[in-house]
Amino acid sequence: MTDVFRCRFAPSPTGYLHVGSAQSALFNWLFARSTGGQFLLRIEDTDAERNRPELTDNILEMLQWLGLDWDGEPVHQSDRFDAYRAAADQLIASGAAYACDCTTEQVQARNKAAGGPPGYDGFCRDRGLEPGPGRALRFRTPDDGVTAWDDVVRGKVTFDNANLEDFVLLRSSGTPTFLLANAVDDDFMGITHVIRGEDHVNGTPKYLLIRAALGLVDQPQLAHLPLLVNEGRKKLSKRRDDVSVADYKAKGYLPEAMRNYLSLLGWGPPDGVEVRPIEELIELFRLEDVNPSPAFFDLKKLEHVNAEWIRRLDPADFVERAEAFLTDEAEREALRALGSLAQERVKVLSELPEYFDWVHGPADDERSWEKAMKVPAAADLLDGAVAGYEDAPWDRDELHARFMDLAARLETSASKAQGPIRVAVTGRISGLPLFELLVHLGREETLARLRAGRARLG
RNA sequence: GCCCCCAUCGUCCAGAGGCCUAGGACACCACCCUUUCAAGGUGGCGACACGGGUUCGAAUCCCGUUGGGGGUGCCA
């Protein structure tokens with residue numbers, strides 16, 4: 001075998017890829033790419049009841065979108081039941097596992113009656129039940145001693161074996177649980193580094209015990225990454241929080257920004273430069289530098305990183321990506337003409353429509369109207385603009401110059417003077433630079449809107 | 001309840017015993033620039049949870065307290 005590092009991302013297709021998983025995938029990927037190792041994929045679909053195969057497509061699609069390319073073909077656990085069965089048989093034969101016919105309800109009832117802690121009470125441990133259909137298989141955990149490992153991000157973690165219950169290896173349906181499947185597959189795939197979320201820490205001693213009982217001596221390095229939390233400092237959850245990577249894509253976050261931001265949670269480049277190409281991130285990333293405390297998934301900062309990435313885009317690239325967020329060809333035409341002006345303003349691509357909806361007429365925005373038109377000289381401004389633009393050469397500098405003259409004549413600041421014109425033409429109090437926009441709109445349409453605005457003013 | 005983990009500005013990250021009167025970024029505030037809004041520039045606000053040790057010296061090491069989180073499924 002080689003001495004190349006091998007890590008894996010092992011999602012289960014029970015939901016869309018979410019940002020926490022994406023970060024875990026990203027750190028695995030960064031680790032592999034920075035060490036010349038391999039980044040493998042394993043689809044954990046042992047639970048037929050919960051799996052939704054189409055979700056696997058979403059997960060792979062989002063990984064690709066993020067640019068997290070994997071090595072080799074993904075391993076599907078649903079293809080490997082024979083291997084788990086064989087491992088289970090081995091554990092039965094060695095006495096490390098035993099059959100159990102307790103139902104969950106029975107276990108809970110006994111715990112309640114005894115006033116004891118939750119978890120399996122070892123009822124079937126010495127009943128000598130014959131393993132078979134309808135009976136779960138449990139692991140016989142040691143009664144004493146400790147199970148410990150040196151976690152790459154957390155240091156030494158130790159569990160007393162006495163606190164470990166006899167957990168389930170095979171369900172009564174005969175299918176394996178993830179603990180067994182992981183132990184078997186990590187060996188099968190030659191995994192040298194298990195890099196996953198902190199929520200897996202408590203399962204780790206069980207995983208280690210299974211490995212030992214199976215005679216697997218080359219223990220992989222373990223690294224438990226910090227959890228991503230919400231403003232309430234709780235683990236990001238599908239129910240409460242906006243976590244679907246696909247949703248962020250739909251909102252117009254760039255994959256470059258998404259992965260860049262995710263790399264900044266729980267880790268940071270030593271030189272403090274945060275927004276930078278993935279190649280540099282790869283070069284700088286060190287698994288042992290990841291810190292163990294939970295990190296808040298901060299949308300504001302994500303937006304900032306996204307805005308930075310948008311501004312760094314090649315203008316043509318920006319237009320290409322932006323087009324998908326506009327609804328019709330007229331707007332896209334305006335985008336192609338004025339794109340770079342929008343590029344430096346937008347934080348998220350989905351904001352684009354509000355920068356271009358004036359194409360079909362002034363937006364309906366009462367607040368903007370009132371705010372702009374309360375300027376005393378509003379009517380004179382509109383009249384003056386019509387008069388000045390009727391015969392103006394239709395270019396940006398000329399429109400600007402005539403506007404400045406008009407504002408000076410009416411003794412109104414340029415800042416205030418542009419309001420009524422902007423709102424008459426676009427409907428909004430703010431937006432793209434006015435004169436470039438007018439150039440694109442054209443003389444006829446501009447004058448028509450100015451006159452309509454003037455008429456509405458009364 | 002029990003087990004495990006965590007603890008530097010509001011947030012993210014830097015700091016691996018003296019370079020720290022703790023640095024950068026986001027957010028926020030002010031000013032500048034400016035046809036709006038952004039962007040950009042300048043400045044400001046703002047933290048080593050607490051208590052004991054160890055040490056000549058601690059944000060950095062140890063112990064405890066407090067606070068927070070995770071796990072506790074025949075889910076993964």
Donor-acceptor pair (no angle test) under 3.5 Å: [X] side chain, [N] base:
X	N	result
A:R396	B:rU35	yes
A:E274	B:rG24	yes
A:K301	B:rA25	yes
A:D199	B:rG70	no
A:S172	B:rC74	yes

Review point. Where the side chain of A:N163 is concerned, which of B:rC3, B:rC75, B:rC12 is the nearest nucleotide?
Key: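 The nucleotide sitting nearest to the side chain is B:rC3.
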Sugar-phosphate only, base, or nothing, as touched by [X] at under 4.0 Å among non-hydrogen atoms:
X	result
A:G203	nothing
A:G119	sugar-phosphate
A:F178	base

Review point. Taking the inter-plane angle between the rings of A:H400 and A:F403 on a 0 to 90° scale, is it parallel (under 30°), tilted (30 to 60°) or perpendicular (over 60°)?
Key: parallel
Practice item. Please list, chain by chain and in numerical order, all residues satisfying side-chain hydrogen bond (donor to acceptor under 3.5 Å, both in side chains) with A:E436, sequence neighbours excluded. Key: A:R396
Check your understanding: Rounded to whole angstroms, how far apart are NZ on A:K206 and P on B:rU72?
Key ->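 Interatomic distance, NZ of A:K206 to P of B:rU72: 8 Å.
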Check your understanding: Between A:E344 (CD) and B:rC37 (C1'), how many Å, whole number?
Key ->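 Rounding to the nearest Å, CD of A:E344 and C1' of B:rC37 are 11 Å apart.
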Practice item. Verify whether one side chain among A:T141 and A:N161 offers a donor that lies under 3.5 Å from an acceptor in the other. Key: no
Review point. So, A:R422 and A:T426: side-chain donor and acceptor under 3.5 Å apart, yes or no?
Key: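 No, no side-chain donor-acceptor contact under 3.5 Å.
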